[in-house]
Amino acid sequence: MPTPYLDDLDREPVLNSRRTRITITSGPNRWSRKQHKVSDAVDFWSFAGAAANVIMQLGWPEVAYGVMESKVESGSLVKHPWKRARTTATYLAVAILGNDDDRKAYREAVNGAHRFVRSDENSPVKYNAFNRELQLWVAACLYIGIEDMYQLLHGKLDDEQLEAFYRTGSTLGTTLQVTEDMWPATRADFDRYWNIACERVVFDETTKAYLMDLVNLKMINWPMRLMFRNLLRFLTIGSLPPIFREGLDLEWSEADRRRYEHLFVFVSFVNRFIPRFLRHGGSEALVADLRRRVRSGRDLI
């Protein structure tokens, strides 16, 4: 049986969305579209908040120590940042754009790595990468990042549009061990789950140090760090909800928020003139690469 990390989802959460979500004020939606689906959200700019999403996932100590203590060196964020980024991007692409066979193949590959991710007698918290509740938390973080970036690029969605968008997102969890009945049924149910789940977010000093290295791009070579650190740090902090920023003692002003949103208004305008096959090409290429690897018998991660 999975550890009951959250066994009281019927109660009212202590936190609300002002604390657990970033503020998006731009709207109504800037792109004329009758339907909104997660499969429309694989624009390359949607990955601008990738580092922030990692921070959110590591907000649960069990996930944090599962990553920091992982014995799977090839997937280490610190030692192999680009490979880890490709693995995560492939997971998103397969979960969103792939078919059932693609998801099954990638699930088996990820499971092979996850078998080695479990706590031992020296771990400060108990964890197991196969725990479905931990996977649901990670999947929920991924969904939050995708929905936020989609609204930043396309404009704020109303409740009906958000519900339609949300209904297409369950494969972010069910591509691994999360079952369909575990994924919150409605967007309102998801909000309740998310706000209650965020009550468990805590960063100890070890996790803070690890994540601040990520914020400051310590894992990449110094020339790239020098070129991209300020922009990526700005995007990372801006993509974090208040509870996560405060947990890491990161400053973010109202002026910073306005600059962040204005940046995405500009990016959204430019994106309207970029063909879809270019905007979505990276994710579609990752799915195609997965299928080639399956056919040739090569490792998938």
Side-chain angles (χ1 to χ4, degrees), residues 1-7 50-51 53-143 145 170-183 197 200 204 206-207 210-211 213-214 219 286-287 289-301:
M1 290 288 292
T3 303
Y5 291 100
L6 300 173
D7 56 3
N53 208 264
V54 172
I55 291 170
M56 290 163 63
Q57 294 169 32
L58 271 60
W60 275 23
E62 297 84 355
V63 179
Y65 278 91
V67 170
M68 293 188 295
E69 296 183 341
S70 175
K71 300 175 179 63
V72 185
E73 183 176 321
S74 63
S76 170
L77 178 63
V78 174
K79 296 179 180 179
H80 303 284
W82 301 118
K83 182 176 181 180
R84 182 59 185 257
R86 181 182 69 82
T87 300
T88 303
T90 300
Y91 177 81
L92 286 170
V94 169
I96 295 171
L97 301 177
N99 58 36
D100 289 343
D101 289 339
D102 299 329
R103 295 185 187 116
K104 180 182 178 182
Y106 210 63
R107 180 187 301 119
E108 292 174 353
V110 174
N111 285 348
H114 277 179
R115 289 190 182 93
F116 303 99
V117 182
R118 59 179 65 242
S119 55
D120 58 29
E121 65 278 4
N122 299 314
S123 303
V125 295
K126 298 297 182 184
Y127 59 84
N128 184 328
F130 282 97
N131 189 291
R132 291 176 177 176
E133 290 195 60
L134 297 181
Q135 290 191 9
L136 177 59
W137 164 253
V138 170
C141 291
L142 293 173
Y143 176 79
S170 63
T171 54
L172 290 169
T174 58
T175 296
L176 290 182
Q177 273 74 43
V178 176
T179 57
E180 196 70 45
D181 64 301
M182 288 181 68
W183 189 256
R200 295 194 72 254
D204 64 16
T206 301
T207 308
Y210 183 89
L211 292 177
D213 283 349
L214 173 63
M219 75 291 297
L286 288 171
V287 175
D289 180 62
L290 172 85
R291 292 170 180 167
R292 284 193 296 270
R293 286 171 178 266
V294 169
R295 288 194 300 270
S296 64
R298 296 167 60 197
D299 291 338
L300 302 188
I301 62 173

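Atoms considered below: every heavy atom in the structure, side chains included; atoms not considered: hydrogens, waters and symmetry mates.
- Rounded to the nearest 0.5 angstrom, R132 CZ and T174 OG1 are separated by 11.5 Å.
- Taking both residues in full, the closest heavy atoms of V54 and L214 are given as CG1-CD2, 3.9 Å, listed atom of the first, atom of the second, then distance.
- Nearest approach of V294 to A105, heavy atoms of both residues: CG2-CB, 4.0 Å.
- Minimum interatomic distance between L176 and N111 (heavy atoms only, all atoms of both residues): CD2-OD1, 4.4 Å.
- In this structure the side chain of Y65 reaches within 4.5 angstrom of the side chain of P124, judged on heavy atoms.
- Evaluation of the side chain to side chain contact (heavy atoms under 4.5 Å, CB included) rule for K104 yields R107, E108 as partners, not counting sequence neighbours.
- Note that CG of N99 is 5.0 Å distant from CG of D101, once rounded to the nearest 0.5 Å.
- At distances below 3.5 Å, not a single donor-acceptor pair connects side-chain atoms of T88 with backbone N or O atoms of A85.
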Y210/L58 under side chain to side chain contact (heavy atoms under 4.5 Å, CB included): CA gap, chis, key distance, verdict:
CA-CA 10 Å; Y210 183 89; L58 271 60; 3.9 Å; yes
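- Side-chain atoms of W60 come within 3.5 Å of backbone N or O of A197 as a donor-acceptor pair.
- When all heavy atoms of A139 and W183 are compared, the closest pair comes out as CB-CZ3, 3.9 Å.
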Chi angles and distances behind the side chain to side chain contact (heavy atoms under 4.5 Å, CB included) call for Q177, M182:
CA-CA 10 Å; Q177 273 74 43; M182 288 181 68; over 6 Å; no
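- Atoms CG and OG1, from L136 and T179 in turn, are 8.5 Å apart once rounded to the nearest 0.5 Å.
- Side-chain atoms of Y143 do not come within 3.5 Å of backbone N or O of S170 as any donor-acceptor pair.
- When all heavy atoms of V138 and Q57 are compared, the closest pair comes out as CG1-OE1, 3.5 Å.
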Go through it in stages, so that I can follow the logic: the residues are T90 and T87, the test is side chain to side chain contact (heavy atoms under 4.5 Å, CB included), and I'd like the CA-CA distance, side-chain angles, deciding distance and then a yes or no.
CA-CA 5 Å; T90 300; T87 300; 5.8 Å; no
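- Expressed to the nearest 0.5 Å, how far OG of S123 lies from CD of E62 amounts to 11.0 Å.
- Take V117 and apply the side chain to side chain contact (heavy atoms under 4.5 Å, CB included) test, not counting sequence neighbours, and it matches S70, V72, Y127, A129.
- Between N131 and W137 the shortest side-chain heavy-atom distance does not fall below 4.5 Å.
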Mind running side chain to side chain contact (heavy atoms under 4.5 Å, CB included) on V110 and Q135 for me, showing each step along the way?
CA-CA 12 Å; V110 174; Q135 290 191 9; over 6 Å; no
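- Checked against salt bridge (charged side-chain N to carboxylate O under 4.0 Å, His left out), R291 has the following partners two or more places apart in sequence or in another chain: D102.
- Scanning for side chain to side chain contact (heavy atoms under 4.5 Å, CB included) contacts around D100 gives R103, with sequence neighbours left out.
- Sorted by first and then second residue, the ring pair (Phe, Tyr, Trp, His ring centres under 6.0 Å) pairs involving residues 92-122 (not counting sequence neighbours) form an empty list.
- Residues passing the side chain to side chain contact (heavy atoms under 4.5 Å, CB included) test with D289, sequence neighbours excluded: R86, R292, R293.
- Counting heavy atoms from C-beta outward, L172 and L92 have side chains that approach closer than 4.5 Å.
- The heavy-atom pair separating N128 from L134 by the smallest distance is O-CD1, 3.6 Å.
- Side chains of L290 and L300 form a contact here, defined as non-hydrogen atoms less than 4.5 Å apart.
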